[in-house]
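Heads up: numbering here begins at 1 and tracks the sequence. Note that the structure is a prediction, hence the values are computed from the model and not measured. Counting starts at 1 for both ligands and their atoms, following the listed order.
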Amino acid sequence: MVKMQSSLFVATILFLVIFSPENTSAQTREAIAVKAPNPELASDVINRKVDALLEKMTLEEKVGQMVQYPPGNGVVGPQTQRQDFDAMITRGEIGALNVADRKRANAYQRSAIEKSRLHIPLIFGLDVIHGYHTIYPIPLGLAASFDPDLVAAASRLAAQEASADGIRMVNSPMVDIALDARWGRVAEGAGESTYLGSIMARAYVHGYQGRSLSDPSSVAACVKHFAAYGAAISGRDYNATDMSDITLRQVYLPPYHAAIAAGAAAVMSSFNSLNSVPETADPYTLTQILRKEWGFAGFVRSDYNAVAELMEHGIALDSASAARKAALAGLDMDMASSIYHNQLARLVRSGAVPETAIDEAVRRILRVKFALGLFDHPYVSEDTPAYQATAEKRSLARKAAEESFVLLRNEARDGRPLLPIPANVKTIALIGPLADANSQMLGTWNAKGNPDDVVSLRSALDQRMRQIGGKLLFAEGTQIVTDRDQGFDDAKQAAHNADLVIMALGEDALTMTGEAASRADLGLPGNQERLLEEIVATGKPVVLIVFSGRPLVLNWAAEHVGSILEAWFPGIEAGSALTEVLFGDAAPSGKLPVSFPRAVGQEPLYLSQFSTGRPAKDADLSRPPSGMNGKFVSRYIDVPNAPLYPFGYGLSYTTFDYSPVTLNTREVHLAQLMTEPGVGVAQPAIRASATVTNSGKVSGAETVQLYIQIRGASMVQPVRVLEGFQRVTLRPGESKRVEFPLSFDELSIINAHSQQVVEPSEYTVYVGDDSDAKQNTSFKVIN
Ligand code: BGC
């Protein structure tokens with residue numbers, strides 16, 4: 001399991017030895033007095049200010065703090081009927097708005113500060129997911145970098161840009177674990193791994209919130225969507241989720257917890273129901289887990305219009321009941337539905353909702369406003385120059401894009417791999433609907449991203465070919481979604497006239513990925529695969545660049561196309577970063593944060609599946625079972641179990657050799673695991689290491705990955721799970737010893753009592769370049 005405890009919890013840790021009938025003993029730890037993970041939200045100074053202000057507030061003013069509207073920005077559901085924002089603000093009826101324009105923000109803020117009775121500032125929020133003006137790759141692409149420092153730097157810059165427009169809260173990070181590629185929102189998060197997701201969650205929060213929330217260039221991170229939104233049944237957006245408490249705590253909750261432990265000031269509840277309770281009104285997640293177990297002191301707001309949707313869920317017959325259920329569960333702010341605004345004060349007066357619940361919600365909201373320094377600095381300067389995509393910003397965006405690309409295939413032709421493009425290539429045919437599509441490169445949720453800032457693949461390649469005295473031919477070939485073939489002939493002609501073909505194919509970022517974009521077919525859309533087949537049939541070498549917000553089924557390409565590069569949606573530096581990688585100025589270094597399926601029917605497809613009693617390990621899965629042979633095992637009869645490209649996979653232009661994995665010891669006592677860095681003391685009891693060597697001819701970055709399998713515990717565990725990674729850059733011939741400390745957090749599981757424990761069991765440790773890593777060793781945890 002990944003880290004569930006922040007070092008801020010360290011002082012509160014209690015060690016227990018639990019005896020259970022099935023398992024001889026186990027070590028667990030529990031917080032005895034949960035402290036707020038973000039001390040800025042729990043300071044005495046702030047609490048005193050909050051209490052003093054609360055005393056002066058009327059019931060309507062309190063409810064006003066719990067209301068958020070989207071006046072024209074970020075409308076992703078029914079449009080609110082209200083237009084009288086200024087009057088409502090003046091009456092103290094609004095606490096937050098979605099606005100992305102500094103003049104409008106200042107104007108609204110003036111009404112709050114100068115005209116409202118108590119002068120309480122508004123907080124402006126927006127969906128800033130992978131950049132504000134400077135747009136980076138979509139979060140799934142950023143996750144493929146396995147580079148949390150990069151993610152923190154990108155989020156820091158996003159915070160600076162957004163805060164200059166008055167935005168002090170971002171609806172990010174999205175940390176929903178996504179195991180099903182049909183779900184469109186896979187694009188918005190870090191993919192399938194709980195461990196990677198937790199590391200990335202922390203990096204985003206550190207970037208957004210900086211050293212202190214009170215820094216005017218910091219924004220409050222609103223981590224979302226709490227909880228388990230990514231487990232939507234059938235991968236259909238907004239659908240219900242249903243799972244055991246063990247799976248919830250072991251697979252889904254850790255990334256949210258990592259964000260909270262890193263200090264996230266706000267949380268957005270999710271649209272889905274979880275085990276039959278809509279998350280907008282779920283006391284188990286919003287109060288028990290978030291507040292009581294994790295000590296979260298910030299505020300929770302609903303997703304867009306979700307309080308009203310409690311009626312569609314069928315757990316509220318009218319809006320009064322929806323408001324009551326949400327407020328009592330611990331939902332502090334209602335985004336967009338108007339229901340708190342219209343109902344809450346009346347519910348308090350009738351005794352249906354105690355005023356103490358309202359007071360507590362308002363306290364949480366005001367705490368964040370004070371911590372952000374909004375009372376002291378409510379306005380932003382309107383004089384700062386308009387956004388410029390400076391060289392510095394572009395270079396960060398380019399680095400992010402380069403690190404996000406995953407080389408899936410690079411076959412040799414005439415004795416050498418197709419990529420990087422060799423010097424004798426003088427004419428390139430660039431074909432495909434995504435080759436010259438600036439707005440597509442910005443991906444889903446692109447805030448104030450401007451297509452004019454985007455360098456397309458076509459323009460960057462064209463420039464490069466001119467520089468080297470070569471020529472770029474371009475043909476769109478087809479559109480993203482169409483069955484019309486008119487462009488095929490021009491495309492084939494271009495291919496005939498070229499030494500090399502580059503195809504830019506994939507999904508429509510804006511309609512096929514992100515929210516409300518679930519797909520039941522995971523192939524290249526429209527007639528793109530047919531175009532690809534016809535171009536490959538010309539006999540010219542083909543490099544396929546896939547732009548997508550999710551894993552696609554690429555079986556045909558994987559057999560017939562020389563090189564395949566997964567590019568996600570790379571942001572404003574799309575073309576320049578791709579050109580650098582195609583020509584070998586930088587070697588590709590991304591690794592897959594999601595498994596790529598062979599068939600939609602394999603979904604949800606992910607590495608960390610549970611062990612079964614009938615594993616298919618000895619069966620030949622490449623063919624259907626014959627008779628009894630290979631039949632009665634956990635398998636499909638028509639498709640292998642394994643993904644086409646596994647989690648963690650990604651090639652480079654160089655090769656890396658791994659030494660055998662070694663451990664500092666083969667046995668560790670349970671008690672030793674309690675004296676480790678996560679729990680307070682120096683060296684972890686178990687350390688796995690391996691030496692990785694760049695055995696090729698060019699420099700490259702490698703993500704060394706550590707996986708574990710636990711056997712002999714009280715609960716069935718996954719066949720393999722990521723519990724560590726390190727990105728290293730090596731020159732040709734250079735070696736590096738990489739060490740992975742394994743402490744309580746990496747070794748623990750959730751037991752039948754929903755406790756995070758380490759039990760006496762056997763651990764197999766794999767280290768390698770992807771989740772198929774073969775090098776392994778093992779150790780035991782004993783009593
Ligand atoms: C999405 C959220 C988003 C919100 C506000 C909702 O539809 O689910 O992720 O933050 O809209 O735009």
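With a heavy-atom cut-off of 4.0 Å, Y238 does not touch ligand 1 at all. Neither the backbone nor the side chain of M174 comes within contact range of ligand 1; no heavy atom lies under 4.0 Å. The proximity of H225 to ligand 1, defined as any non-hydrogen pair under 4.0 Å, is limited to the side chain. Contacts with ligand 1 closer than 4.0 Å are made by side-chain heavy atoms of R185 only, the backbone lying farther away.
In terms of N/O distances under 3.5 Å, ligand 1 is not approached by Y304. Some N or O of E515 is nearer than 3.5 Å to an N or O of ligand 1, by distance alone. Where the criterion is an N or O separation shorter than 3.5 Å, residue side chain and backbone included, K224 meets it with respect to ligand 1.
Less than 4.0 angstrom separates some heavy atom of N171 from each of these atoms of ligand 1: 5 (C), 10 (O).
Counting only residues at least two apart or in different chains, side-chain hydrogen bond (donor to acceptor under 3.5 Å, both in side chains) contacts with residues 145-156 comprise R156-S217, R156-S218. Each side-chain hydrogen bond (donor to acceptor under 3.5 Å, both in side chains) pair with one or both residues in residues 261-275, not counting sequence neighbours, appears once here: T241-N272, S270-N272.
Between F647 and Y606, the distance separating the two ring centers is not shorter than 6.0 angstrom.
With respect to R519 and E507, a salt bridge is recorded, a charged nitrogen being found less than 4.0 Å from a carboxylate O. The pair E360-R291 fails the salt-bridge criterion, with no side-chain N (NZ, NE, NH1 or NH2) lying under 4.0 Å from an Asp/Glu carboxylate O. A salt bridge does not link D332 with R367: every distance from a Lys NZ or Arg NE/NH1/NH2 to an Asp or Glu carboxylate oxygen is 4.0 Å or more.
Residue D127 holds the heavy atom nearest to atom 10 (O) of ligand 1 of all those in D237, D127, D303.
A donor-acceptor contact shorter than 3.5 Å links the side chain of W568 to the backbone of S404.
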